[in-house]
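Throughout, numbering of the chain's residues begins at 1 and tracks the sequence. Atoms within each ligand, like the ligands themselves, are counted from 1 in listed order.
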Amino acid sequence: MSEVVLGVDLGTSSVKISAVDRQGNIVAQQSYDYPLSQPKPGYSEQNPEDWVNGTTVAIVRLILDDGIKPEDIAGISYSGQMHGLVLLDDNNQVLRPAILWNDTRTTPQTKEIAEKMGQEFIDITRNKALEGFTLPKILWVKENEPEIFSQASSFVTPKDYVRYRMTGKLAMEISDAAGTVAMDVANRTWSKEVQEAFGLKPEFFPEIIEGPEFAGTISPKYAAFSGLTTETKVFGGAADNAAGAIGSAILQPNMVMSSIGTSGVVLKYEDNADADYKGKVHFFNHAIPGKFYSMGVTLAAGYALSWFKKTFAADEDFTAMVESAGKSTVGANGLLFTPYLVGERTPYADGDIRASWTGIDGTHKKSDFVRSVLEGIIFSFKDIFDIYEEAGTDFDTVVAIGGGAKSPLWLQIQADIFNKKVVSLKNEQGPGMGAAILAATGLGWFDSVQDAAAAWNSFDKEYLPDADRAARYAEIHAIYKQVYGATAEISHELLAFRRSAK
Ligand SMILES: Nc1ncnc2c1ncn2[C@@H]1O[C@H](COP(=O)(O)OP(=O)(O)O)[C@@H](O)[C@H]1O
Ligand SMILES: O=C(CO)[C@@H](O)[C@H](O)COP(=O)(O)O
């Protein structure tokens with residue numbers, strides 16, 4: 001077999017590794033699931049050791065089951081779930097479970113940041129301090145677990161931790177560093193203002209590296225553990241959404257990415273740091289050196305569908321359950337679902353909002369409920385599209401990626417609700433492909449990330465909007481938009497009631 005690169009996509013539900021040859025073909029793929037721990041309402045944690053073990057099992061299977069020769073693996077890079085806090089001691093030992101991107105315990109810390117730094121925080125980090133970002137998590141540990149924080153000497157985000165375990169070298173790649181909201185995004189450095197305002201030492205912040213930058217080789221210890229050789233070169237990688245954008249060739253402002261993973265994301269490529277969305281969407285450094293991207297996030301997208309399946313259709317096949325929505329109608333016969341199962345980010349930065357069904361009728365069938373979930377998730381994406389449209393941005397093509405892009409019915413629902421052309425990839429592994437592209441660029445197989453993304457681009461089927469369905473969806477989306485305001489107070493009271501339970 002010829003040379004390959006490995007793209008390691010460290011998601012929230014599983015790690016998926018794609019072996020990609022020099023022509024951009026995925027020659028083998030392996031994945032490994034790991035659990036999510038939700039010990040209290042709003043909490044979401046994982047054990048970093050599960051990421052390392054899952055990654056290692058998938059690599060071992062690529063070697064033993066798929067016949068990938070270790071000496072043919074020229075390079076490895078990563079895509080990683082963003083914002084998770086992995087706190088490390090002096091010896092780089094993990095001090096507590098990682099606090100993830102969808103953990104919303106940090107509302108007091110987000111208020112503290114806003115009160116202390118106000119507009120200056122948004123001007124520097126280009127983001128509002130939201131619950132999911134890493135800085136509020138750091139402050140939460142500092143305030144709530146001082147004995148643990150006193151032992152902390154550094155921190156990293158999830159895929160940067162896995163890369164550390166594979167190479168022995170600690171660093172943070174820039175698109176994930178931006179997602180900590182402790183960076184001066186336009187100047188591409190850690191922000192001294194943020195460090196001083198919150199009493200965090202500069203040494204606490206690891207070195208920042210670029211997406212395609214060489215980060216080391218596989219360490220002898222990890223080679224013995226995994227079967228890899230110490231010749232394999234390792235490169236920085238990207239935050240999963242930046243990697244997804246690279247893997248789906250979102251390289252021009254007329255295209256957006258729609259990703260349905262555990263979270264949901266609408267992402268736009270930004271050539272420079274000029275755009276000003278006033279903190280309504282996130283704005284981060286890209287893993288393409290010198291570039292940026294903006295995005296809005298639905299906290300529970302694929303998660304909402306998986307929750308529905310686990311709770312109401314545990315014995316059904318996933319694909320069959322999703323396709324049963326075809327028996328319902330546009331608008332699920334008047335049943336509306338909002339997907340705020342773990343709070344929301346965009347457009348409502350509200351960690352305490354919760355999901356709802358409105359309009360349940362005695363005639364509704366299970367297929368209506370499935371369809372309402374699929375539609376509610378996409379209505380929430382449409383809210384993000386509306387922010388971009390209000391800001392005067394225009395685009396004509398949506399590239400759909402993530403586990404949710406496996407369903408043709410859901411892709412058509414996206415086209416009809418967005419009223420735009422939706423394009424799928426030959427393989428929905430956008431982030432894994434993005435990670436492979438960063439390794440290929442780092443190895444010098446291509447002159448730039450853009451060249452690699454264009455060469456390995458694998459657009460597949462197009463889904464065009466139907467004018468009648470799009471018009472019906474526009475009517476229902478206008479009703480959907482009223483649900484947040486109408487349910488927020490009740491939702492907050494219910495959560496307070498739940499939290500007060502002994
Ligand atoms: N056959 C399917 N049709 C539609 N959606 C699916 C299907 N299988 C899985 N999914 C959705 O894909 C999501 C996982 O996507 P993935 O991109 O793997 O997430 P992550 O990167 O967060 O681990 C699940 O939460 C699930 O809702
Ligand atoms: O918090 C965000 C982006 O800001 C999430 O998109 C995470 O990056 C997790 O991604 P998935 O596991 O859903 O791919």
Side-chain angles (χ1 to χ4, degrees), residues 8-16 29 31-36 44 46 51 54 79-84 99-104 127 130-134 137 157-159 175-176 178-181 238-245 247 257-267 281-284 293-310 313 316-325 339 341-346 349 370 373-374 377-378 384 400-411 413-414 424-425 427-435:
V8 177
D9 174 17
L10 192 76
T12 310
S13 57
S14 62
V15 56
K16 290 143 274 199
Q29 246 173 0
S31 68
Y32 196 84
D33 292 355
Y34 31 72
L36 185 74
S44 179
Q46 274 176 335
W51 303 328
S79 154
Q81 49 160 299
M82 299 174 67
H83 317 299
I99 307 180
L100 302 196
W101 58 275
N102 53 358
D103 186 299
T104 53
N127 289 280
L130 302 179
E131 282 89 350
F133 297 157
T134 325
K137 300 180 197 310
T157 45
K159 65 103 176 47
S175 60
D176 253 341
T180 65
V181 293
D240 58 0
N241 293 297
M257 176 183 92
S258 140
S259 163
I260 304 178
T262 305
S263 67
V265 168
V266 175
L267 178 149
V281 288
H282 314 344
F283 194 93
F284 296 132
Y293 68 98
S294 59
M295 68 176 181
V297 177
T298 292
L299 282 187
Y303 178 80
L305 185 65
S306 295
W307 163 81
F308 181 88
K309 158 100 177 64
K310 187 177 70 185
E316 281 178 52
D317 170 67
F318 209 111
T319 305
M321 181 199 76
V322 173
E323 294 306 308
S324 75
L341 288 166
V342 291
E344 191 49 304
R345 277 225 215 129
T346 320
V370 176
V373 173
L374 299 180
I377 294 161
I378 305 305
I384 304 170
I401 66 164
K406 283 182 201 158
S407 160
L409 173 71
W410 211 359
L411 289 162
I413 290 175
Q414 291 197 48
S424 62
L425 299 180
N427 183 311
E428 35 76 30
Q429 295 297 331
M433 201 61 183

> For ligand 2, which atoms, with element, lie under 4.0 Å from some heavy atom of Val297?
Replying inline: 3 (C), 4 (O)
> What protein heavy atom is closest to atom 1 (N) of ligand 1, reported as residue, atom name and distance in Å?
Replying inline: Thr319 OG1, 3.2 Å
> What protein heavy atom sits nearest atom 22 (O) of ligand 1, and how far away is it?
Replying inline: Thr262 OG1, 2.6 Å
> Taking the side chain as C-beta and beyond, is there a heavy-atom pair between Trp101 and Thr262 under 4.5 Å?
Replying inline: yes
> What part of Asp240, side chain from CB on, backbone N/CA/C/O, both or neither, has a heavy atom under 4.0 Å from ligand 2?
Replying inline: side chain
> Hey, looking at atom 24 (C) of ligand 1, which of Gly403, Ala320, Ser306 has the closest heavy atom?
Replying inline: Ser306
>> Just to verify, what does Trp410 make a side-chain hydrogen bond (donor to acceptor under 3.5 Å, both in side chains) with, not counting sequence neighbours?
In response: none
> Which of the atoms in ligand 1, numbered in the order shown and given with their element, are less than 4.0 Å from a heavy-atom of Ser13?
Replying inline: 19 (O), 20 (P), 23 (O)
>> Please list, in number order, the atoms of ligand 1 under 4.0 Å from a heavy atom of Gly402.
In response: 17 (O)
> What's the shortest distance from atom 13 (C) of ligand 1 to any protein heavy atom, and which residue and atom give it?
Replying inline: Gly261 O, 4.0 Å
>> Using a 6.0 Å cut-off, check whether atom CZ of Phe308 has over 12 heavy atoms from anything other than its own residue.
In response: yes
> How far is atom 27 (O) of ligand 1 from its nearest protein heavy atom, and which residue and atom name does that atom have?
Replying inline: Gly302 O, 2.8 Å
> Considering only heavy atoms from C-beta outward, does the side chain of Leu341 approach that of Leu299 to under 4.5 Å?
Replying inline: no
> Numbering the atoms of ligand 1 from 1, which are under 4.0 Å from a heavy atom of Gly11?
Replying inline: 21 (O), 23 (O)
>> Closer than 3.5 angstrom, by distance alone: can the side chain of Lys309 be matched with the main-chain N or O of Ala304 as a donor-acceptor pair?
In response: no
> For ligand 1, which atoms, with element, lie under 4.0 Å from some heavy atom of Ser14?
Replying inline: 23 (O)
> Do Leu374 and Leu409 come within less than 4.5 Å of each other through their side chains, counting heavy atoms only?
Replying inline: yes
> Should Thr319 and Lys406 count as side-chain neighbours, where that means a heavy-atom distance under 4.5 Å?
Replying inline: no
> What is the nearest protein non-hydrogen atom to atom 21 (O) of ligand 1, stated with its residue, atom name and distance?
Replying inline: Lys16 NZ, 3.1 Å
> Any Lys/Arg nitrogen of Lys159 or Asp176 sitting under 4.0 Å from an Asp/Glu carboxylate oxygen of the other?
Replying inline: yes
> Among all protein non-hydrogen atoms, which one is nearest to atom 2 (C) of ligand 1, and what is the separation to 0.1 Å?
Replying inline: Phe318 CD2, 3.7 Å
>> Is the ring pair His83/Phe133 parallel, tilted or perpendicular, if the boundaries are 30 and 60 degrees?
In response: tilted
